Structures are given as structure tokens and as C-alpha cells.
Amino acid sequence: MEALVCKKLGDPAALKSSISEPDNDSPIILSKTHPIPQLTTPTSVRVRVKATSLNYANYLQILGKYQEKPPLPFIPGSDYSGIVDAVGPGVSLLKVGDRVCSFAALGSFAEFLVAEQDELFKVPDGCDLVAAGALPVAFGTSHVALVHRAQLTSGQVLLVLGAAGGVGLSAVQIGKVCGAVVIAVARGDEKVQFLKSLGVDHVVDSSKESVISSVKDVLKARKLKGVDVLYDPVGGKLTKESMKLLNWGAQILVIGFASGEVPLIPANIALVKNWTVHGLYWGSYKIHRPAVLEDSIRELLSWVAKGQITICISHTYSLSEASLAFAAIKDRKAIGKVMIAFDNERSVKSKL
């Protein structure tokens with residue numbers, strides 16, 4: 001089978017020769033003869049992968065800058081969708097041909113992947129299979145953060161940083177489902193217009209205007225006291241500015257640091273203003289609170305089926321073009337998710 005193998009740590013977006021050449025300088029190589037994984041237990045299932053999502057965490061892992069550092073070589077990749085290809089004798093929940101999606105610690109950048117039956121979720125009718133491969137990590141992160149941790153309620157003010165990225169777009173949509181007043185921060189006219197099309201209450205173009213002034217103006221116009229929940233996958237200077245907008249008793253959701261800078265949250269101000277700071281490492285829920293993840297993804301799939309949320313896919317690449325896919329992540333070209341899909345008629349598509 002074809003598989004993308006990380007043979008050394010480095011930048012997968014900085015490719016100087018073909019990804020198929022074993023002696024290239026890239027940390028990733030396309031193997032066309034990787035062994036197909038076999039069923040390992042009576043209840044294991046082999047999935048023929050249809051699509052797999054690129055997350056910023058995947059990029060950091062190949063760089064060697066993620067909190068989990070698997071031994072080399074490894075096949076990267078986390079959330080995916082596909083068709084059940086084979087089942088163990090003890091499998092009762094699924095059958096060959098079922099459409100499924102899930103997530104893994106590693107291994108989804110390959111044509112086949114083996115998982116336990118209780119780790120897989122049936123994709124409902126009416127839900128695009130490629131889109132389902134983009135759901136677990138991005139939407140799962142935002143759902144656990146906003147619904148489980150922050151317990152976001154109708155009428156509260158939600159401020160989403162990096163709102164045009166994969167997790168950002170999922171956060172603004174989940175915020176609207178929860179009935180919150182959603183304020184989004186993004187850069188550039190295209191991203192701003194796309195966010196407005198999703199029904200976001202107010203969008204700040206941070207490349208043109210002050211986040212503090214713009215948000216204060218809309219809060220004043222709506223007679224709102226401040227931001228109740230800050231969703232932050234960016235970090236850096238933007239976090240520092242956003243803290244000036246937070247209400248008494250506000251909640252800060254620390255999602256990631258796409259800016260490359262880990263912000264400092266002053267404990268003395270958190271004390272005086274009764275802030276709650278939530279660290280949100282979504283993947284660790286699989287170890288410590290697996291039932292939360294399972295319930296979360298099931299609810300998200302039901303929302304997709306009902307049309308309450310839309311999975312926005314910006315670009316779709318083939319596995320051989322993985323370096324281009326990582327470059328889209330690195331250079332922040334995407335509005336929504338970047339995907340690798342198998343059996344594409346065209347190598348690169350824009351769905352916006």
C-alpha cells in the first residue's frame with residue numbers, strides 16, 4: 001500500500017525533490033510498498049482510508065516540536081474516514097462496506113489502517129465521506145472545549161482567535177449552535193467574508209484594525225459587558241490583547257500556539273477577575289476520559305446530518321502531494337481544513 005513515512009525530523013513543507021525519491025532531503029517519503037496492516041485482535045477492523053485531515057499538530061510532530069514524540073520512522077496522521085475493508089471474527093458493530101470515521105495517535109496517512117471496532121463511528125447518510133475525515137480532531141477539540149469544559153450557553157459572548165483555521169471555523173459554528181454571540185478574529189478580506197457567510201456576529205480583520213477597539217465597539221453597541229469565553233489556538237501577542245476584553249468570571253480555553261509564542265496569563269489578574277483557564281489537550285481525553293470523546297463525536301455527526309454545522313474543506317491533495325498540503329498549513333493559506341484524499345480524479349481541488 002501507499003503510505004507517507006516520516007523518516008527523520010524536519011520541515012515537511014520544505015521539499016527540494018520528489019517525495020517519491022528515497023534520497024530526498026525531506027523528512028517525509030512516499031512508500032508505495034508499505035505492508036498492509038493485518039487484523040490484530042478478534043474485534044479489530046481494517047479500514048480503507050478515503051480521506052485524512054492535516055492538523056497543525058501533525059505538522060509540529062514531524063518538526064519534532066509536538067508534546068508526543070513517536071520513535072522514527074513513523075506514519076503520521078490522526079483523523080480519517082473510509083470504508084470497512086475487513087473485520088475480525090468478534091466484530092459485531094460493523095460490517096465490510098460500512099462508512100466510518102475516527103482518529104488515531106498515528107498512521108492515517110496511509111491507504112489502510114487497523115482500529116478496534118469501538119473506536120470507529122458510522123458516518124450517517126447524507127454526510128460526505130471526505131468531509132467526515134475532517135471532523136474528529138478539529139470539531140472534537142472545539143466541542144469538548146466549548147460544550148464540555150466551558151459549558152457555553154446562549155447569550156454568552158465567545159471570542160474566537162484564528163477563526164478561519166480548521167479549529168477556528170469549528171469553534172465559531174459550535175458557538176452559534178450553542179446560541180452564543182460569536183466574535184471572530186482573522187486576517188484578510190477573503191477570510192473575513194467567509195466568516196460572515198457563516199453567520200458570525202462580528203468579524204475583526206486583525207491585519208487592518210485593532211482587535212481591542214473593534215471588539216469594544218461591538219460590545220458597547222450591543223450593551224454587553226465583555227467576553228465570557230476566549231477560544232485561543234493562536235497564542236502570542238493576540239492572547240495578551242484579548243485578555244483586556246474579558247469579563248469578570250471569564251473562561252480562557254488554551255487550544256494551541258499557532259503564532260509560535262506561548263503567552264503568559266497573569267495569575268494576579270486571573271485571581272482578581274475570577275478567570276478560569278482551561279488547558280485543552282484533546283488527544284489526552286482518549287486515555288483519561290474516552291467516553292467524553294465518544295459522546296462528543298456522536299453528537300457532532302448528528303449535527304452534520306441535521307445540517308447544523310458544515311465541515312469547510314479548503315484544499316484536497318493526493319498523498320504524493322503531502323508537502324504541498326503541509327505548506328498550505330504552514331503558510332496559513334487554508335480557510336478551513338486541508339485534506340489528503342485517496343482516489344482523487346484531480347490532485348488539488350478548492351471547495352470554496
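These numbers come from a predicted model, not from an experiment.
Both L30 and L54 are members of a single hydrophobic cluster when ILVMFWY side chains are connected at heavy-atom separations under 4.5 Å. Residues I252 and V181 are members of one and the same hydrophobic cluster, defined by side-chain heavy-atom contacts under 4.5 angstrom among Ile, Leu, Val, Met, Phe, Trp and Tyr. Hydrophobic clustering of Ile, Leu, Val, Met, Phe, Trp and Tyr side chains at less than 4.5 Å, counting indirect connections, keeps V304 apart from L129. Note on L63 and V262: separate hydrophobic clusters, where clusters join Ile, Leu, Val, Met, Phe, Trp and Tyr whose side-chain heavy atoms are under 4.5 Å apart, directly or indirectly. Taken together through direct or relayed side-chain contacts under 4.5 Å among Ile, Leu, Val, Met, Phe, Trp and Tyr, L161 and L169 form parts of separate hydrophobic clusters.
Although no hydrogens or angles enter the test, the distance criterion places no donor-acceptor pair under 3.5 Å between the side chain of N55 and the main chain of A57. The backbone N or O of I36 lies less than 3.5 Å from a partner atom in the side chain of Q38, making a donor-acceptor pair. Side chain of S206 to backbone of A186: a donor-acceptor contact under 3.5 angstrom is found. Looking only at distances, no side-chain donor or acceptor of D79 sits under 3.5 Å from a matching main-chain atom of F103. The main-chain N or O of V157 is found under 3.5 Å from a side-chain atom of D228 such that the two form a donor-acceptor pair. With hydrogens and angles disregarded, no donor-acceptor distance shorter than 3.5 Å links the side chain of Q308 to the backbone of V177. Proximity of a side-chain donor or acceptor of W282 to a complementary backbone N or O of V137 within less than 3.5 Å is not detected. Side chain of R332 to main chain of R187: no donor-acceptor pair is present (N/O by atom type, distance under 3.5 Å, no hydrogens or angles). Not one N or O on the side chain of S53 forms a donor-acceptor pair closer than 3.5 Å with the backbone of A134.
Each salt bridge (Lys or Arg N to Asp or Glu O under 4.0 Å) pair with one or both residues in residues 297-310, not counting sequence neighbours, would appear here, but there are none.
Checked against side-chain contact (heavy atoms from CB on, under 4.5 Å), P73 has the following partners two or more places apart in sequence or in another chain: V5. Remark: A132 engages S81, C101, V123, C127 in a side-chain contact (heavy atoms from CB on, under 4.5 Å) (not counting sequence neighbours). Under the side chain to side chain donor-acceptor pair (under 3.5 Å) criterion, T153 pairs with Q156, not counting sequence neighbours. Partners of K208 by side chain to side chain donor-acceptor pair (under 3.5 Å), not counting sequence neighbours, listed by chain and number: D189. Here S259 pairs with nothing under the side chain to side chain donor-acceptor pair (under 3.5 Å) rule; sequence neighbours left out. With sequence neighbours excluded, the residues that form a side-chain contact (heavy atoms from CB on, under 4.5 Å) with E116 are T41, T43, S44, D118, E119. Shown here are the side-chain contact (heavy atoms from CB on, under 4.5 Å) partners of Y56, two or more places apart in sequence or in another chain: Y59, L60, I329. Scanning for salt bridge (charged side-chain N to carboxylate O under 4.0 Å, His left out) contacts around D295 gives an empty result, with sequence neighbours left out.
By the 4.5 Å heavy-atom criterion applied to side chains, L135 and I297 are counted as neighbours. By the 4.5 Å heavy-atom criterion applied to side chains, P136 and F121 are not counted as neighbours. Counting heavy atoms from C-beta on, the side chains of L106 and I75 never come closer than 4.5 Å. For the pair I28 and F109, the minimum side-chain heavy-atom distance is 4.5 Å or more. For the pair S296 and F139, the minimum side-chain heavy-atom distance is 4.5 Å or more. In this structure the side chain of R289 never reaches within 4.5 angstrom of the side chain of V144, judged on heavy atoms. Q61 places a side-chain heavy atom less than 4.5 Å from the side chain of F74. Between M243 and P263, the closest side-chain pair of non-hydrogen atoms is not below 4.5 Å.
A distance of 12.5 Å separates CG in L159 from OH in Y231, rounded to the nearest 0.5 Å. Taking NZ of K176 as the reference point, atom CG of L158 lies at 10.0 Å (rounded to 0.5 Å). The OG atom of S31 lies 8.0 Å from the CE atom of M1; values are rounded to the nearest 0.5 Å. Atoms OG and CG, from S142 and L152 in turn, are 11.0 Å apart once rounded to the nearest 0.5 Å. Between atom NE2 of residue H288 and atom NZ of residue K286 there is a gap of 13.0 Å, rounded to the nearest 0.5 Å. To the nearest 0.5 Å, the span separating CZ on R99 from CD1 on I83 amounts to 6.5 Å.
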Tabulate below the donor-acceptor pairs under 3.5 Å that side-chain atoms of residues 213-227 make, not counting sequence neighbours, or state none.
| from | atom 1 | to | atom 2 | distance (Å) |
| --- | --- | --- | --- | --- |
| S213 | OG | S210 | OG | 3.4 |
| S214 | OG | H202 | NE2 | 2.8 |

Per-pair distances, 0.1 Å, donor-acceptor, side chain in residues 265-279, under 3.5 Å, sequence neighbours excluded:
| from | atom 1 | to | atom 2 | distance (Å) |
| --- | --- | --- | --- | --- |
| W275 | NE1 | N247 | O | 3.2 |
| H278 | ND1 | R149 | NE | 3.4 |
| H278 | NE2 | Q251 | OE1 | 2.7 |

Only pairs under 3.5 Å count here: list side-chain donor-acceptor contacts from residues 85-93, not counting sequence neighbours, and write none if there are none.
| from | atom 1 | to | atom 2 | distance (Å) |
| --- | --- | --- | --- | --- |
| D85 | OD2 | R46 | NE | 2.8 |
| D85 | OD2 | R46 | NH2 | 3.0 |

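When every heavy atom of A184 is checked against every heavy atom of L195, the shortest pair comes out as CB-CD1, 4.1 Å. When every heavy atom of K191 is checked against every heavy atom of A334, the shortest pair comes out as CE-O, 3.9 Å. Here the closest non-hydrogen pair linking S108 and T52 is OG-OG1, 2.6 Å. Across all their heavy atoms, V45 and L39 have their closest contact at C-CD2, 3.7 Å. Closest approach of H143 and I174 over heavy atoms only: N-CD1, 3.5 Å. Nearest approach of A138 to V167, heavy atoms of both residues: CA-CG1, 3.8 Å.
Y281 and Y66 have perpendicular rings, their planes meeting at more than 60° on a 0 to 90° scale where under 30° would count as parallel.
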* **Steps toward side-chain contact (heavy atoms from CB on, under 4.5 Å) verdict (C178, V147)** => CA-CA 8 Å; C178 292; V147 176; 4.0 Å; yes
* To do: Could you walk me through whether V192 and F194 pass the side-chain contact (heavy atoms from CB on, under 4.5 Å) test, one step at a time?
  => CA-CA 5 Å; V192 167; F194 187 73; over 6 Å; no
* To do: Could you go through the side-chain contact (heavy atoms from CB on, under 4.5 Å) check for H315 and L324 one step at a time?
  => CA-CA 10 Å; H315 296 82; L324 298 177; over 6 Å; no
* Step by step, work out the side-chain contact (heavy atoms from CB on, under 4.5 Å) result for Y285 and L280. => CA-CA 9 Å; Y285 270 80; L280 200 288; 4.2 Å; yes
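Of the N and O atoms on the side chains of D232 and S242, not one donor lies less than 3.5 Å from an acceptor on the other residue.
Other residues, nucleotides and ligands contribute at most 12 non-hydrogen atoms within 6.0 Å of the CG atom of D125.
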